[in-house]
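Residues take their numbers from the sequence shown, with the count starting at 1. Computed from a predicted structure; not experimentally measured.
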Amino acid sequence: MPKNSKVTQREHSNEHVTESVADLLALEEPVDYKQSVLNVAGESGGKQKAAEEELDAEDRPAWNSKLQYILAQIGFSVGLGNIWRFPYLCQKNGGGAYLVPYLVLLIIIGIPLFFLELAVGQRIRRGSIGVWHYVCPRLGGIGFSSCIVCLFVGLYYNVIIGWSIFYFFKSFQYPLPWSECPVIRNGTVAVVEAECEKSSATTYFWYREALDISNSISESGGLNWKMTLCLLMAWSIVGMAVVKGIQSSGKVMYFSSLFPYVVLACFLVRGLLLRGAIDGILHMFTPKLDKMLDPQVWREAATQVFFALGLGFGGVIAFSSYNKQDNNCHFDAALVSFINFFTSVLATLVVFAVLGFKANIMNEKCVVENAEKILGYLNSNVLSRDLIPPHVNFSHLTTKDYAEMYNVIMTVKEDKFPALGLDPCLLEDELDKSVQGTGLAFIAFTEAMTHFPASPFWSVMFFLMLINLGLGSMIGTMAGITTPIIDTFKVPKEMFTVGCCVFAFFVGLLFVQRSGNYFVTMFDDYSATLPLTVIVILENIAVAWIYGTKKFMQELTEMLGFRPYRFYFYMWKFVSPLCMAVLTTASIVQLGVTPPGYSAWIKEEAAERYLYFPNWAMALLVSLIIVATLPMPVVFILRHFHLLADGSNTLSVSYKKGRMMKDISNLEENDETRFILSKVPSEAPSPMPTHRSYLGPGSTSPLETSGNPNGRYGSGYLLATTPESEL
């Protein structure tokens, strides 16, 4: 004990000496907090209290195994978008050429930022709110915005699970109910439903039987009771999976994360055996190089990377916060990213193999229908039989024979050819028909499965796979909401989780109206994309520029036991922020140039029509974007002007014996003196030597930070190791 300390003065004087905790620690050097018994933390800059850090380190739940954790991250990142959005983007943006921008952006943005989120969650052991308040209190609004975005996504995402549940139960019958158009009987006359006859059986079933959709977003049409029940079932399943936190969701992940790969493998084998599957796969991997230079392709690839890895949602941070701090999160980032990309490519192979089969069937159907037209023209002498090549046999007409006959007729009847109404029936045209999002799963893929032998079995497997993919993503999305709120506000876990599910179900009734599919489009395509991009940019800035990339790399070295590649330093510091700034600018410009809209199903026309959102819907859309981004500037302003306390004047003193921790916060001066002078044997820590970490010659203690003597991450770890006997 220093000779000039007030404790020493007390021993040589009869006068009462008032000594604060800060006075006692003024001459103490930072030490290794992990080896210390008495923890005294003066919070600086709104950092987390040291007592709470130590307590959570002991009491925080943990994954039962590394496998369970990896499956949870895979289940969250691999979702419905891998099955239908990635194949659609490949089909739309040049086939194999789309893989180039996607891989480039995955390497320079996706993996580095995924690694960053894994690292901060594992190191700080908090949800998104606590993590970003811990790194930079003024940017603490990032965590709240992440929760709001998770809520928006969870609201409509579970509706899609509800749709899958509806189709799952409808699959237990033969023939499948969407394989044929319904027949309306009027007395002795049987008439095919007009809307179905104009479109197709699968399209009709989706829009009319499942959604019973209205003609526009302005026509509510009331609730669809079938989908309301399915939504209730979906939220019940999600609630049971997450109500106990990782103790319950971790066990669910063993099935929900692995089962989809079993189904995908079965579909791939079955798909490759289908006639025309190779045509679909070759079409997918044939690159259209001009697409690689299209800025729109790069923007869509970047958005897909964000959604595929779950960046900015908070689920990645929440899951990693339940890890031990010595876990190799660098390996986890590379592994999960690779599996995610592999799953997307595998799903694309399956989809294009099946769609190649479907395209061949539709092409043959086209040939038969047009051959009947030609026979009719021949019988009515509109066309001469001399136009038909002698080797053509109408009873066994091949696509090659039809193409030859079509070209001859088109050449001879050049002026009158359009009036004949003949179609070219090209396989490439069928393969080029892009079906986006839900249409790919609930229309195109379901139609292809109707031609499978044992089609109900494959349909049950497919929609059970979709349910499990959605469930895995919903568990991560719910973790992005519940974990930070529970960590920050200490609310009861089970009660809060159930309350979230009930609240989300009632708000989700918006999406099970007859116009609900249009609101799903609004939330999916517009409400989350821009806020999510801003969140990821600020996360990168908070770590790389405010906390400091070099400092963060040093912390990672201590946590992992090895230094990560300098590649991450340059990505975090320069490349990723620049790329995301360009992406944000492009997204804003895109919204300005192309007004937001949606594809409406017009019943009378039995066709889709692109409509722009009305003014009230645009106001709702803008409000959603503002609500999601508002916490970030609000928290920044409040803390910058000291209108919101950031904990800089609080004091936390804690010590433990065994697993017991006592917290003393916001002590008054007399309380501090009484705490220091009191000696309760049952609570006093036993003396132990000081342990200090050695970083090498000229190194700074890891607890010392530039401009902030309160230690690691600026969290206020300033620890006293003076045993009680010295006091």
Side-chain angles (χ1 to χ4, degrees), residues 61 68 71-72 75-76 78-80 147 150-172 210-212 222-260 263 313 315 318-319 438 441-442 459-483 485-486 491-514 516-517 519-520 523-524:
Q68 190 180 76
L71 290 178
F76 175 50
V78 177
L80 298 173
C147 291
C150 279
L151 176 62
F152 288 171
V153 172
L155 287 174
Y156 76 81
Y157 206 87
N158 225 22
V159 174
I160 300 176
I161 297 178
W163 296 342
S164 302
I165 291 173
F166 176 79
Y167 269 80
F168 172 75
F169 285 111
K170 287 290 185 178
S171 299
F172 289 94
L211 300 181
D212 193 19
L223 291 177
N224 181 338
W225 67 268
K226 293 178 290 188
M227 288 304 168
T228 302
L229 293 177
C230 291
L231 180 63
L232 177 62
M233 183 177 296
W235 276 113
S236 300
I237 294 172
V238 171
M240 289 186 290
V242 301
V243 68
K244 294 292 184 180
I246 63 171
Q247 283 83 3
S248 56
S249 62
K251 296 179 177 61
V252 174
M253 286 297 183
Y254 283 111
F255 181 78
S256 65
S257 296
L258 294 176
F259 178 74
V263 178
F313 286 96
F319 281 160
T438 55
F442 295 102
S459 183
V460 168
M461 294 286 285
F462 177 71
F463 289 109
L464 186 59
M465 178 187 70
L466 292 187
I467 293 171
N468 280 275
L469 284 171
L471 178 60
S473 296
M474 275 302 300
I475 290 174
T477 302
M478 289 297 294
I481 300 173
T482 58
T483 297
I485 298 296
I486 292 171
V491 296
K493 181 193 301 181
E494 290 83 0
M495 185 180 300
F496 178 70
T497 302
V498 172
C500 282
C501 293
V502 173
F503 171 78
F505 166 72
F506 283 106
V507 176
L509 294 178
L510 172 71
F511 303 98
V512 291
Q513 304 175 94
R514 291 182 58 200
N517 188 47
F519 287 97
V520 171
F523 275 68
D524 186 23

### Student check: side-chain heavy atoms of V520 and W163 closer than 4.5 Å
yes
### Query
So does K244 have more than 12 non-hydrogen atoms from other groups sitting under 6.0 Å from NZ?
no
### Query
With sequence neighbours left out, what residues match N468 under side chain to side chain donor-acceptor pair (under 3.5 Å)?
none
### Task
For I165 and C230, work out which heavy atoms get closest and say how close.
CD1-O, 4.0 Å
### Query
Is the shortest heavy-atom distance from the side chain of L471 to the side chain of V252 under 4.5 Å?
yes
### Message
Give me the atom names and distance for the closest heavy-atom approach of I486 to F496.
### Response
CG1-CD2, 4.2 Å
### Message
Quick check: closest heavy atoms across G472 and M253, and the distance to 0.1 Å?
### Response
O-CE, 3.7 Å
### Query
What are the two closest heavy atoms between I481 and C147, and how far apart are they?
CG1-O, 3.9 Å
### Task
Kindly say whether L211 contributes a backbone atom to a donor-acceptor pair with the side chain of N224 at under 3.5 angstrom?
yes
## Note on the structure
In terms of heavy-atom contacts, F319 and A479 come closest through CE2-CB, 3.9 Å
### Task
Please say whether more than 12 non-hydrogen atoms of neighbouring residues, nucleotides or ligands are located less than 6.0 Å from OH in Y254.
yes
### Task
Show your reasoning for whether side-chain contact (heavy atoms from CB on, under 4.5 Å) applies to V512 and W225.
CA-CA 8 Å; V512 291; W225 67 268; over 6 Å; no
### Query
Considering residues at least two apart in sequence or located in another chain, which fulfil the ring-ring contact (aromatic ring centres under 6.0 Å, His included) criterion with F255?
F259
### Task
Would you indicate whether the side-chain heavy atoms of M233 and L229 approach each other to under 4.5 Å?
no
#### Entry: Any donor-acceptor N/O pair, N158 side chain to L231 backbone, under 3.5 Å
no
### Query
Can you find a heavy atom in the side chain of M478 that is under 4.5 Å from one in the side chain of M474?
yes
### Query
Which of parallel (below 30°), tilted (30 to 60°) and perpendicular (above 60°) describes F442 and F463?
parallel
#### Entry: Side-chain donor/acceptor of Y157 to backbone N/O of L80, under 3.5 Å
yes
### Message
Can you confirm whether F172 sits close enough to V460 that some side-chain heavy atom of one is under 4.5 Å from a side-chain heavy atom of the other?
### Response
yes
### Message
Is there a side-chain contact between L509 and L223 in this structure, where contact means two heavy atoms from C-beta onward sitting under 4.5 Å apart?
### Response
yes
### Summary
All heavy atoms of S171 vs all of S459, minimum pair found to be OG-OG, 2.6 Å
### Message
Between L155 and F519, is there a side-chain heavy-atom distance shorter than 4.5 Å?
### Response
no
### Task
Answer yes or no: is there a side-chain heavy-atom contact under 4.5 Å between F505 and V502?
no
